[in-house]
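The structure appears below as structure tokens.
Naming convention: chains lettered A, B, ... in sequence-line order (proteins, then strands); numbering from 1 in each chain.
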Amino acid sequence: ETGVTQTPRHLVMGMTNKKSLKCEQHLGHNAMYWYKQSAKKPLELMFVYSLEERVENNSVPSRFSPECPNSSHLFLHLHTLQPEDSALYLCASSHTRGHYEQYFGPGTRLTVT
Amino acid sequence: LAKTTQPISMDSYEGQEVNITCSHNNIATNDYITWYQQFPSQGPRFIIQGYKTKVTNEVASLFIPADRKSSTLSLPRVSLSDTAVYYCLVGASVPYSGAGSYQLTFGKGTKLSVIP
């Protein structure tokens, strides 16, 4: 499998649930990103990882917890989410941090009930 | 980061050439211009990037005038499958260490609808 993959593609969870989103890149890139895209809003950068180290956290609530165990995998752990957290969560990777060409995964459509 | 302005939406018939213009009046010397395409419920896809004059690849052309305060993405002979949102981004393409980092800042983009 090539490119950036994300699982699951769709997720429905209650506000008291704990779930995790997974991202995997097969491109040999050193940087990975989490973005959030809400309906009718621009993409918002959430987290940036470079060589498995978190280098950016754009004021994201603590109910979102990222994890990067190695340069190919990225997780977003979710707990006690709110309905307004319902959105498309996109993972991306690039050769190095800050590179203009990022490769995006298909996203996880999250619905919080 | 340089602010960009692009039309909210555009319509075009199949087979026509589509030009989407983006304004970026406060572009910095080190900034590059990058365009992405996004289909519904999918992640954005890199289309093309340039610094000045003209860049062409198998998908599109990018025209950048000498003052670099605007750029035009040109899609030749569009088809229904080109219906998507197109984003213009401006920023430094060279990663740097230290506080902060270059990041892609997506605006609202231009929604292109191709009509049969």
Side-chain angles (χ1 to χ4, degrees), chain A residues 3-6 8-11 21 23 25 27 29-51 53-60 74 86-111, chain B residues 1-6 8-9 22 24 27-28 30-51 55 57 59-60 62 64 71 73 84-111:
Chain A
V4 180
T5 59
Q6 291 186 243
R9 294 294 308 276
H10 300 273
L11 177 63
L21 309 184
C23 174
Q25 58 98 359
L27 301 168
H29 289 166
N30 292 322
M32 296 187 77
Y33 312 79
W34 279 117
Y35 288 85
K36 174 185 178 183
Q37 187 171 36
S38 305
K40 300 182 180 180
K41 291 179 67 176
L43 269 77
E44 303 170 63
L45 178 65
M46 299 175 72
F47 301 104
V48 180
Y49 275 83
S50 176
L51 296 172
E53 177 185 352
R54 187 192 310 180
V55 295
E56 195 88 11
N57 178 345
N58 283 0
S59 303
V60 179
L74 185 65
S86 298
L88 181 68
Y89 288 86
L90 292 157
C91 172
S93 71
S94 64
H95 180 63
T96 55
R97 182 188 73 178
H99 197 272
Y100 62 84
E101 185 172 358
Q102 294 186 8
Y103 292 77
F104 285 79
T108 295
R109 174 67 64 185
L110 173 67
T111 302
Chain B
L1 297 173
K3 180 180 177 181
T4 60
T5 302
Q6 47 183 130
I8 295 175
S9 63
C22 178
H24 28 80
I27 189 169
N30 293 333
D31 286 344
Y32 282 68
I33 300 153
T34 310
W35 285 80
Y36 277 75
Q37 173 194 56
Q38 186 179 23
F39 298 113
S41 297
Q42 293 187 27
R45 180 176 75 106
F46 170 84
I47 300 176
I48 197 166
Q49 189 233 33
Y51 184 79
V55 180
N57 61 23
V59 176
L62 179 60
I64 305 168
S71 59
L73 175 72
V85 178
Y86 292 82
Y87 297 95
C88 166
L89 299 94
V90 173
S93 70
V94 178
Y96 59 94
S97 59
S101 68
Y102 167 67
Q103 57 185 250
L104 294 181
T105 300
F106 289 82
K108 294 185 177 180
T110 297
K111 184 177 182 180

Are the side chains of [X] and [Y] in touch, meaning some heavy atoms are under 4.5 Å apart?
X     : Y      : result
A:E44 : B:F106 : no
B:Q38 : A:L90  : yes
B:F46 : A:F104 : no

Proximity breakdown for A:Q37 and chain B, heavy-atom pairs closer than 4.5 Å: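 Contact with chain B involves the side chain of A:Q37 alone.
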
Heavy-atom contact with chain B under 4.5 Å, split by part of A:L43: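 A:L43 touches chain B through backbone and side-chain heavy atoms alike.
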
Separation between OG of B:S41 and CZ of A:R9, rounded to the nearest 0.5 Å: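 That separation rounds to 8.5 Å.
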
Between CD on residue A:Q102 and CZ on residue B:R45, distance to nearest 0.5 Å: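 CZ of B:R45 is found 15.5 Å from CD of A:Q102.
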
Any donor-acceptor N/O pair, B:Y87 side chain to A:P42 backbone, under 3.5 Å: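 Side chain of B:Y87 to backbone of A:P42, a donor-acceptor pair under 3.5 Å: no, none is there.
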
Heavy atoms from other residues, nucleotides or ligands near OH of A:Y89 exceed 12 (cutoff 6.0 Å):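 Counting neighbours around OH of A:Y89, more than 12 heavy atoms of other residues, nucleotides or ligands fall under 6.0 Å, so yes.
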
Residue, of B:G107, B:P44, B:G43, B:G109, that accumulates the most heavy atom pairs under 4.5 Å with chain A: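 Answer, by heavy-atom pair count under 4.5 Å with chain A: B:P44.
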
